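Encoded as structure tokens, the structure appears first; notes follow it.
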Amino acid sequence: MDQFRELFIKLDQNKDGLVSVAELHDEMRKHGILSADGKVQNIIDSYDRDKDGLLDYQEFLSYMMDRERKWKIHFHDLDKNKCGVIDQEDIICLFKELGVVISKPNAKKIIQMMDKDSSMTVDWGEFLHHIILNPVDNIGELVSSWKHSLVFDVGESRGMPIEFPEEASGSSAWRTFVLSAGLADAVSRTMTAPIDRLKTQLQVQGSKAFSQGFQEMRGGGLRSMWQGNAVNVLKGTPQSTLQCLIYAQVRQSETLTVQQRFGLGCISGAVAHAVFYPLEVLKVRLNLQQAGTYHGVAACAQSIYRNESLSSFYRGFKPSILCMIPYAGVECAVHQSIMSWAKSDPVYNSDSKLFFFSFVAFASGQITSYPLAVIRTQQQAQAFSSDSRPASGVLPGLIGIYERYGIRGYYNGMGASFVRAIPCALMNYTLTRKFENVFSSMES
């Protein structure tokens, strides 16, 4: 009971004899627990007998004792060699049972989240302290919360998992992540599709895109703003998943230099981009054509094949791959470096601050590569857009843009890209966690 009293006193920051939602959240962040969501409020609602929105000691004691009864069995299950403590090998074994390969450095990080006496093992008291502050309902949710405490991503793709299953085809953990991230990605891309289409139009047409967009809305209705979204969803999820998988498989060490992170980001981004590039071409064509020009993605692809050639599916590939290499490399290097620094200090280990740091990484990648993205889009639009008049090469393309629009032309549409990235990333991050928890609960 003494440890329960000590924890309550620690949580009661303003010493009023009560624990609030804000005080619980604050203590959770200090321990690297970022995925509690609305469960903290559920704790208050379930144990607040006098309905004052706060927990006194007796109310909080009821919660802690319920957690003790529920998780005592799980602790013994995790302690594989029955030595009374959980160590790195137990964590590795747990992840392996779920079909996920986790390295020793990441297992060590999980142990350090719970280890209070620096013994590099977790006894029952330390585990109970962690599980009281981490309001998960089962082992699947606990593992999911550990993963999210070690990774946070933003930008045009979803957060990537720290580790990947040994056998993707047979792993429930892999299926859960891909399905959760895929659904979240589809929702976020669909909700932000009009902004993404505006970005594409600005890259090709400049300021004329706004007037043309209003004309299309009058002619095709609000639905026209979602033209090309289907192929964007079909392209985005598998491309991002492949990029994450390549990054994880190529990486041999957890302690990578900035140069190594940059290189791995370049490789994974370039390969995934090359595989799914034809869908990018289809997306741009659909985004730039008036609503009703093509009756679906298949009709657009068939039109390109019949009226042009197979090489048209890779039009603009050179500037595109040159764009992806610095974008993926810079974003990955900055993201991994800044996250390693931020997560080592509890002051910066909060959802809002980690999201801001991740957005800095996304912005760094965008700024360094955006002019090449503009050339790529213009070359993809070459077949039917007379306004773009792209040159055949990267250097002539840069010169052409400068002659028509000046320096500003290199960054047409970048503001729309940034505006889209914030709600897109928030939805991805939030929905992926919620879907993972739902599917983990269903499987357990």
Side-chain angles (χ1 to χ4, degrees), residues 156-157 178 182-183 185-205 208-209 212-213 215-243 269-324 372-393 397 413 420:
E156 297 190 345
S157 59
V178 171
L183 287 172
D185 186 67
V187 172
S188 64
R189 287 178 184 273
T190 300
M191 295 298 291
T192 59
I195 305 176
D196 189 54
R197 190 179 186 207
L198 175 62
K199 178 196 72 175
T200 302
Q201 292 172 331
L202 285 167
Q203 288 177 335
V204 176
Q205 299 159 354
K208 296 179 182 178
Q212 187 161 333
Q215 290 177 3
E216 287 187 10
M217 283 186 62
R218 284 197 294 267
L222 192 62
R223 184 180 177 183
S224 64
M225 297 304 295
W226 272 265
Q227 182 166 293
N229 180 61
V231 70
N232 191 29
V233 171
L234 289 173
K235 175 188 78 74
T237 299
Q239 179 177 324
S240 298
T241 302
L242 178 61
Q243 180 178 344
V271 173
H273 188 67
V275 171
F276 293 97
Y277 188 78
L279 291 175
E280 175 70 21
V281 173
L282 292 175
K283 186 196 85 169
V284 170
R285 295 291 182 92
L286 288 166
N287 278 345
L288 292 173
Q289 289 285 52
Q290 289 186 345
T293 303
Y294 298 116
H295 298 289
V297 178
C300 180
Q302 190 176 42
S303 175
I304 294 174
Y305 176 73
R306 285 181 176 177
N307 301 323
E308 299 174 47
S309 64
L310 282 174
S311 62
S312 295
F313 287 103
Y314 277 86
R315 191 188 296 274
F317 181 71
K318 184 185 293 185
S320 184
I321 204 70
L322 290 176
C323 163
M324 177 53 65
L372 291 168
V374 174
I375 297 174
R376 171 201 66 195
T377 305
Q378 292 193 358
Q379 290 190 4
Q380 289 170 343
Q382 185 176 10
F384 58 84
S385 179
S386 59
D387 291 336
S388 60
R389 293 178 290 135
S392 58
R420 173 184 176 272

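In this text the structure is predicted, and so the values were computed from the model without any measurement.
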What pair of heavy atoms forms the shortest contact from K283 to D196, and how long is it?
NZ-OD2, 3.3 Å
What heavy-atom pair brings S188 and D185 nearest, and what distance separates the two atoms?
OG-O, 3.0 Å
Give me the atom names and distance for the closest heavy-atom approach of V231 to L286.
CG1-CD1, 4.0 Å
Would you name the heavy atoms of I304 and S312 that are closest together and state the gap between them?
CG2-CB, 3.7 Å
State, yes or no, whether a side-chain contact exists between R420 and R189 at a heavy-atom distance under 4.5 Å.
yes
For the residue pair S303 and N307, confirm or rule out a side-chain donor-acceptor distance under 3.5 Å.
yes
What residues, two or more places apart in sequence or in another chain, satisfy ring pair (Phe, Tyr, Trp, His ring centres under 6.0 Å) together with Y305?
none
Going by heavy atoms in the side chains, are L282 and K235 under 4.5 Å from each other?
no
Which residues pass the ring pair (Phe, Tyr, Trp, His ring centres under 6.0 Å) test with F317, sequence neighbours left out?
Y277, Y314
Closest heavy-atom pair and its distance - F313, A301:
CZ-O, 3.5 Å
